[in-house]
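In what follows, a single structure is set out as structure tokens and then discussed.
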Amino acid sequence: MAHMRARLARNVFGVLAALALLAVPAAVLAGPETLVYSWTSNVGELNPHLYSPNQMFAQAMVYDPLVRYGEGGAIKPALAEKWEISPDGKTYTFTLRQGVTFSDGTPCDAAAVKKNFDAILANAQKHKWLELVAQIEAAEAPDPRTFRLVLKNPYYPTLQELCLARPLRILAPSAFPDSGNTADGIKKPVGTGPWKLVETKKGEYDLFERNESYWGKKPAIQKILVKVITDPNTRAVAFETGEIDLIYNAGGHGTGQVSLETFAAMQKDGKAKTLVSGPQATRNLAINSDRGPTRDLAVRQAILHAANKAAMVKGIFLDIEKPAETLFSPTTPYCDLGLPPYAFDLDKARTLLDQAGWKPVPGGEFREKDGQELAVDLCFEGNDPMQKAVAETLQGDLRKAGIRLNLIGEEPDSFLARQKSGEFGMIFGDTWGAPYDPHSMVSSMRAPSHADYQAQVGLPMKAALDEKIAAVLVTVDEAKRREMYRDILTTLHEQAVYLPLTYTVGIVAHRDNLDGVHYGAIQSEIPFEDMVKK
Amino acid sequence: MIRFIATRLALLVPILLAVSVVVFVMLRMGQGDPAMAYLRLSNIPPTDEALAVAREALGLNRPYVTQYLDWLGKALRGDFGISYVTKRPVLGELLYYLPATLYLAGVSLFFTLAGSLPLGIVAALKKDRLPDHVTRLFAYVGVSMPSFWLGFLLVYVFSVTLGWLPPMGRGGPAHVLMPAVSLALMSLCINIRLIRTSMLENMDHRFVLYARARGLSERTVVGGHVLRNSLIPVVTAVGMHLGELLGGAVVVESVFAWPGVGRFAVSAIFNRDYPVLQCFLLMMTAIFVTVNLAVDIVYAVIDPRIRIGAGEAG
């Protein structure tokens with residue numbers, strides 16, 4: 001037995017020694033000049049004109065737009081120093097910032113910008129979701145500092161859509177593939193932005209370095225290390241043990257960096273600094289005006305009055321997200337309209353239903369009208385705990401008013417299929433957030449494949465509504481545009497086709513060693529350049 | 001012997017072919033649409049137009065038979081397609097992540113054997129006494145503990161509370177300890193019970209009685225006769241354990257942000273990345289079949305009573 005033990009010990013030692021040799025030394029040691037962040041995947045090859053697997057926050061780090069979206073929707077100069085819009089709203093003339101170079105030293109002039117727009121237009125098929133791409137008639141570069149966009153219609157959200165993290169950002173012509181078509185891939189990620197991608201280790205990390213030739217305010221931090229962490233709990237532990245410095249919800253794939261519960265716990269224990277952004281988008285339930293009892297306006301209004309949002313916000317959203325009273329938060333451009341909220345008022349809900357002929361049945365829990373039960377299907381993603389919790393709470397709330405809510409939880413793709421087909425009584429959705437709100441969301445209300453269209457199609461004024469939406473997108477007159485938005489949004493509010501739940505927020509947690517952390521104006525842009533590591 | 005190995009290897013071809021059909025059909029029978037998943041990852045609203053564009057780009061608008069034959073034709077030439085998500089060749093991606101998983105599974109297998117042998121032997125020798133009870137209780141708890149839960153417990157104790165070990169990622173030997181232990185525990189506990197039972201069975205055999213009668217020392221009897229004979233089922237179990245370890249790696253790798261093929265496969269499942277899943281499952285099948293073949297060969301080597309090929313000749 002003794003020699004067996006000795007042999008075992010020898011073997012153990014041998015294997016451990018072998019392991020030590022095999023082990024890879026930690027490739028990147030994060031020093032004080034490095035900020036460590038994490039994401040659910042690698043950032044991709046960083047092609048500014050393509051989608052997945054390219055990650056938006058990283059595309060925004062490396063590539064600049066012509067103009068940038070600022071707080072409250074103000075459009076700020078970026079690669080374009082100033083711009084002019086022709087009186088007919090169809091020609092945008094940009095004066096480019098002088099002396100800007102790409103991170104490889106080549107100049108960023110109007111020809112380079114035109115080359116990018118031409119490449120994007122050549123693949124217009126891939127960008128069909130983005131209205132601006134369809135509206136561009138031509139991109140011109142009359143001289144090295146002047147870039148001109150000619151549009152087919154006076155599409156007013158042009159500047160807003162130029163701010164997006166993709167696809168309208170500028171790649172160095174030297175990095176274009178030989179075919180000139182960026183859909184074939186790029187040679188290397190070279191932009192004019194504050195950061196450059198210097199190393200990617202698949203499944204482990206991406207490393208960015210400060211772009212020393214950046215035209216704007218130079219970042220204080222030298223390097224950003226983005227570790228690949230798929231699991232939110234693992235991310236929380238990595239933050240707690242100091243493996244990462246920052247947790248920041250940046251939209252897109254990997255939005256949920258940590259759960260609201262984890263974040264609430266961080267807020268409570270006070271070891272990390274936490275901050276919550278202003279309203280981003282609106283979580284809402286679209287109510288179908290073309291199917292079942294919700295065809296009746298009174299039923300839709302009763303649902304809005306019967307929902308106890310305050311309790312929901314406290315119990316499910318832990319008071320981190322705030323209750324929403326209108327489809328768009330009043331901080332959204334054109335949306336500060338002072339519309340009267342549908343207050344939580346069970347008596348009012350009951351009265352509305354009584355008046356509309358939905359009467360309580362003796363001995364029954366739910367109301368009926370002409371023998372039809374007051375039952376509504378609420379569709380949600382079965383494995384989304386937030387949607388499930390909201391659905392269950394709402395089921396309890398509406399029961400008190402005599403409305404039966406059937407909960408239909410399904411896997412994500414079937415859920416999306418219902419949004420498209422309109423097979424729902426109520427269904428979860430989010431507005432698009434800045435810089436898309438309100439124009440892209442409103443625009444999509446005209447597309448039959450959207451839940452918004454399906455929910456509204458039973459409205460008597462739907463055709464007129466769609467005409468107004470088409471018109472508002474091409475108005476040149478600012479005052480008129482404001483009036484048209486008021487008209488559209490007031491109709492939607494009065495017709496009660498949306499039950500707004502909460503305004504989503506971006507959550508940020510960072511360690512004491514970081515200063516200057518704030519939330520960006522659009523979700524996909526993380527302002528790393530304002531952060532300082534002590 | 002060589003004929004046996006050749007036959008078994010040749011059988012791999014129809015097995016892989018059958019698996020490829022089953023996997024292909026099952027993926028497409030399940031709910032979910034890769035084009036929809038792709039749009040979700042890209043933050044593009046899933047309009048009918050956008051879906052049509054994505055389906056065409058991913059080659060999903062063709063009939064299933066065409067899709068399968070096209071895939072098979074390319075796969076025979078070593079081309080398993082392009083990942084819908086990473087846009088890179090699938091085989092290259094999987095081979096890139098495989099070594100990290102094999103390393104983790106290897107260390108876990110070592111922990112499994114190094115832990116279960118002494119514990120199993122002790123439990124058998126001290127049957128129905130305190131060490132046996134303690135070991136059996138440990139094995140019972142260990143088998144019942146889900147690996148991700150154990151992983152989080154270990155992280156809580158050794159990373160968050162004590163600060164001794166890194167909670168995630170790949171790096172030095174310290175990085176592999178917790179993932180390997182989380183992964184190994186279940187196999188380790190199964191093995192303890194297996195060794196114990198096997199030892200106890202062998203101790204009842206006559207050759208043990210005769211050995212004792214010949215006046216051999218207890219060490220020679222246990223070490224040379226009982227243990228050697230008890231190892232045969234353990235060899236079979238190693239084949240199974242390797243399966244458990246590779247399967248378990250899928251969960252453990254996500255918990256510890258370990259850059260292995262399991263975590264890559266989990267993402268592929270979420271994103272309905274068919275080409276990755278098809279290739280991953282074939283790869284796993286090939287590994288299982290090969291390991292089982294190796295186990296059969298090892299059998300013959302350690303136990304002269306088993307003669308491979310004899311059955312086929314007769």
Side-chain angles (χ1 to χ4, degrees), chain A residues 1-5 8 11-12 15-16 19-20 22-27 38 40-42 44-45 51-53 56 125-126 128-129 185 201-205 227-231 233-235 237-238 240-241 243 251-253 410-414 416-417 419-420 432 444 447-450 524, chain B residues 31-33 36-51 53 57 83-87 93 96-97 100 103 107 110 114 117-118 152 155-156 159-160 163 166-173 175-176 218-219 222-223 227 254-260 263-264 266-267 271-272:
Chain A
M1 204 68 199
H3 92 240
M4 235 183 71
R5 228 175 283 141
L8 190 70
N11 287 347
V12 171
V15 172
L16 283 184
L19 284 183
L22 252 176
V24 191
S38 69
T40 45
S41 62
N42 283 105
E45 67 158 4
Y51 303 90
S52 173
M56 292 206 271
Q125 180 81 344
K126 288 189 192 300
K128 269 205 161 149
W129 65 278
K201 192 142 171 87
K202 272 201 284 181
E204 295 187 52
Y205 61 83
K227 292 190 177 177
V228 177
I229 302 180
T230 48
D231 186 84
N233 294 310
T234 308
R235 176 172 293 109
V237 169
E240 190 157 351
T241 53
E243 295 270 325
H253 175 39
E410 288 172 314
E411 66 104 54
D413 295 346
S414 319
L416 287 173
Q419 285 194 329
K420 280 154 49 67
W432 296 29
S444 72
S449 59
H450 281 258
S524 49
Chain B
Q31 280 190 322
D33 178 349
M36 196 85 102
Y38 173 78
L39 294 180
R40 208 170 52 225
L41 285 182
S42 297
N43 276 36
I44 297 177
T47 59
D48 287 334
E49 261 186 339
L51 273 172
V53 172
S83 158
Y84 291 166
V85 175
T86 69
K87 306 285 179 199
E93 291 283 85
Y96 178 88
Y97 290 114
Y103 170 52
V107 177
F110 167 73
L117 272 173
F152 280 126
V155 166
Y156 182 72
S159 301
V160 177
M168 53 151 283
R170 186 164 58 161
H175 283 86
V176 79
E218 192 61 18
R219 185 192 298 165
V222 173
L227 186 59
S254 294
V255 171
F256 288 96
W258 185 265
R263 190 176 65 155
F264 186 61
V266 170
S267 307
N271 300 329
R272 319 238 170 255

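Basis for what follows: all heavy atoms, side chains included, without hydrogens, waters or symmetry-related copies. Letters go in sequence order (proteins before strands), and every chain restarts at 1.
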Locate the shortest heavy-atom distance separating [X] from [Y]; write the atom from each residue and the value.
X: B/Ser254; Y: A/Asp231; answer: O-CB, 3.6 Å
X: A/Ala238; Y: B/Pro167; answer: CA-CG, 4.5 Å
X: B/Met36; Y: A/Ala417; answer: CE-N, 4.1 Å

Query raised in the report: Given that the side chain runs from C-beta out, which part of B/Phe152 has a heavy atom under 4.5 Å from chain A: side chain, backbone, both or neither?
Result: side chain
Report summary line: Whatever's closer than 4.5 Å to a heavy atom in chain A on B/Leu39 counts as neither
Query raised in the report: Is the side chain of A/Ser52 donor-acceptor paired with the backbone N or O of B/Tyr38 at a distance under 3.5 Å, no angle test?
Result: no
Query raised in the report: At a heavy-atom separation under 4.5 Å, does A/Lys128 approach chain B through its side chain, its backbone, both, or neither?
Result: side chain
Requested in this report: Select one option (side chain, backbone, both, neither) describing which atoms of A/Gln125 are under 4.5 Å from chain B's heavy atoms.
Outcome: both
Report summary line: Most contact-rich option vs chain A, by heavy-atom pairs under 4.5 angstrom, among B/Tyr156, B/Trp258, B/Tyr96, is B/Tyr96
Query raised in the report: Looking at residues at least two apart in the chain, or sitting in another chain, which of them share a side chain to side chain donor-acceptor pair (under 3.5 Å) with A/Lys126?
Result: none
Query raised in the report: Which residues satisfy the side chain to side chain donor-acceptor pair (under 3.5 Å) test with B/Lys87, sequence neighbours excluded?
Result: none
Query raised in the report: So do the side chains of A/Lys202 and B/Tyr97 get within less than 4.5 Å of each other, counting heavy atoms only?
Result: yes
Query raised in the report: Pick from A/Asn233, A/Thr241, A/Thr234, A/Val237: which one makes a side chain to side chain contact (heavy atoms under 4.5 Å, CB included) with B/Val155?
Result: A/Val237
**Report entry** Pair B/Arg263-A/Val228, side chain to side chain contact (heavy atoms under 4.5 Å, CB included): steps then yes or no
**Finding:** CA-CA 11 Å; B/Arg263 190 176 65 155; A/Val228 177; 3.7 Å; yes
